[in-house]
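This report refers to the structure that appears directly beneath it.
Order of the sequence lines fixes the chain letters, A, B, ..., with proteins taken first and strands second; residue numbering starts at 1 for each chain.
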2 protein chains.
Amino acid sequence: MRPTANRQSRADEEPVVSCAPHDVLTHLGDKWTILVLSMLAQAPENRARFSEIKYGVLGISQRMLTLTLRILERNGLVSRHYFPEVPPRVEYQLTSMGKSMLHPIEVFTGWIKENWPAMEQARRDYDAAANVSN
Amino acid sequence: MRPTANRQSRADEEPVVSCAPHDVLTHLGDKWTILVLSMLAQAPENRARFSEIKYGVLGISQRMLTLTLRILERNGLVSRHYFPEVPPRVEYQLTSMGKSMLHPIEVFTGWIKENWPAMEQARRDYDAAANVSN
DNA sequence: CGGAATCCTCCATGATACTG
DNA sequence: CAGTATCATGGAGGATTCCG
């Protein structure tokens, strides 16, 4: 996400503008954040090391996992624990704030699971109607 | 979502793969969807015409509003009502499924409002620590 | 008015190589 | 092992134009 305070607007504004919820959802909606959070949600003590997350989240590159974890850490949702061993070991764990985010996410995923069939049906209907007119 | 590449994983672990929640969150998290939904949530009868939404969502281009509404319509969250007048008038309204999505969204935005100050503080702390070491 | 078509820019992500 | 650095690229989104 980019710096948030740079939106120019006119003096007579009251419409819907970018807001905190949108910023957070933009992060959640990126390609990997939700998957990394889900992985940590399932891990014992909500804690796992870098390589565990990497192999637990199929397809994520080292680079993107690093970047995703950095953002989560920066926002206080995940804590980073570095162990200066040889070879080095780094563990990531959901913070209390990170854990508190799991409930809203579950409410949402619950809604999705409930409505997913209806959404798929809607898509089929929509696409079928489009094909007729084409 | 891309096909999930086969990757080695320990037999007793279930890797986190791309899933429906992620797909939905990816859409919600895009640049405009949440703002358009919020606009409709506030509108009388959750209904507004194209130009109303366009002026209610600051900064959205005609193109992106059209695309965003198409996706919402395709997924059955918004219904499109075309009036063949001159000039033409098109209204968009949340469907019952679209309305049912508002509660999970509110749960989420509630969490965000509650935790936003802590997230901002976490960012300040993180950035301050980074500046010290640089 | 609503929106389709076109062109273009830039950023998020991927791939690869290197390192403490 | 857990990164960082660098380069390449596909696609999201903006600007503009045309249309029924």
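- One interatomic measurement links the two molecules: CD of B/Glu85 to P of C/dC1, which rounds to 13 Å at whole-angstrom precision.
- At distances below 3.5 Å, not a single donor-acceptor pair connects side-chain atoms of A/His81 with backbone N or O atoms of A/Gln93.
- If you take CD1 of A/Ile53 and P of D/dG3, they are 9 Å apart, rounded to a whole angstrom.
- Across all strands, A/Gln62 comes closer than 4.0 Å to base atoms (heavy-atom distances).
- A/Phe50 and A/Tyr92 have tilted rings, their planes meeting at an angle from 30° to 60° on a 0 to 90° scale.
- The side chain of A/Arg49 contributes an N or O atom lying less than 4.0 Å from OP1 or OP2 of D/dA2.
- When the side-chain nitrogen and oxygen atoms of A/Thr66 are compared with OP1 and OP2 of D/dA2, none of them lie within a distance under 4.0 Å.
- Using a 4.5 Å heavy-atom cutoff, the side chains of A/Ile105 and B/Trp111 are not in contact.
- Mapping B/Ile60 and A/Tyr82 onto DNA chain D by nearest heavy atom places A/Tyr82 at the nucleotide closer to the 5' end.
- If you measure from atom NZ of B/Lys54 to atom C1' of D/dA15, you get 12 Å, rounded to the nearest angstrom.
- Side-chain contact of B/Thr33 with B/Asp30: a donor-acceptor pair under 3.5 Å is present, judged by distance alone.
- In this entry the distance linking CZ of B/Arg70 with P of C/dA5 reads 11 Å, nearest Å.
- Using a 4.0 Å heavy-atom cutoff across all strands shown, B/Phe83 reaches no nucleic acid atom at all.
- Taking atom CD on B/Glu73 and atom C1' on C/dG2, their separation rounds to 13 Å, with Å as the unit.
- Atom pair B/Tyr92:OH and C/dC1:C1' shows a separation of 11 Å (rounding to whole Å applied).
- Between the C1' atom of D/dG3 and the CE atom of A/Met64 lies a distance of 15 Å, rounded to the nearest Å.
- With respect to the salt-bridge test (charged N to carboxylate O, under 4.0 angstrom), the residues B/Arg49 and B/Glu91 do not qualify.
- Atom CG in B/Leu67 sits roughly 12 Å away from atom C1' in D/dG14 (whole-Å rounding).
- Residue-to-nucleotide proximity on DNA chain D shows that, of A/Pro88 and B/Ser61, the 5′-proximal contact is made by A/Pro88.
- A/Arg63 comes within 4.0 angstrom of a nucleotide base, judged by non-hydrogen atoms across all strands.
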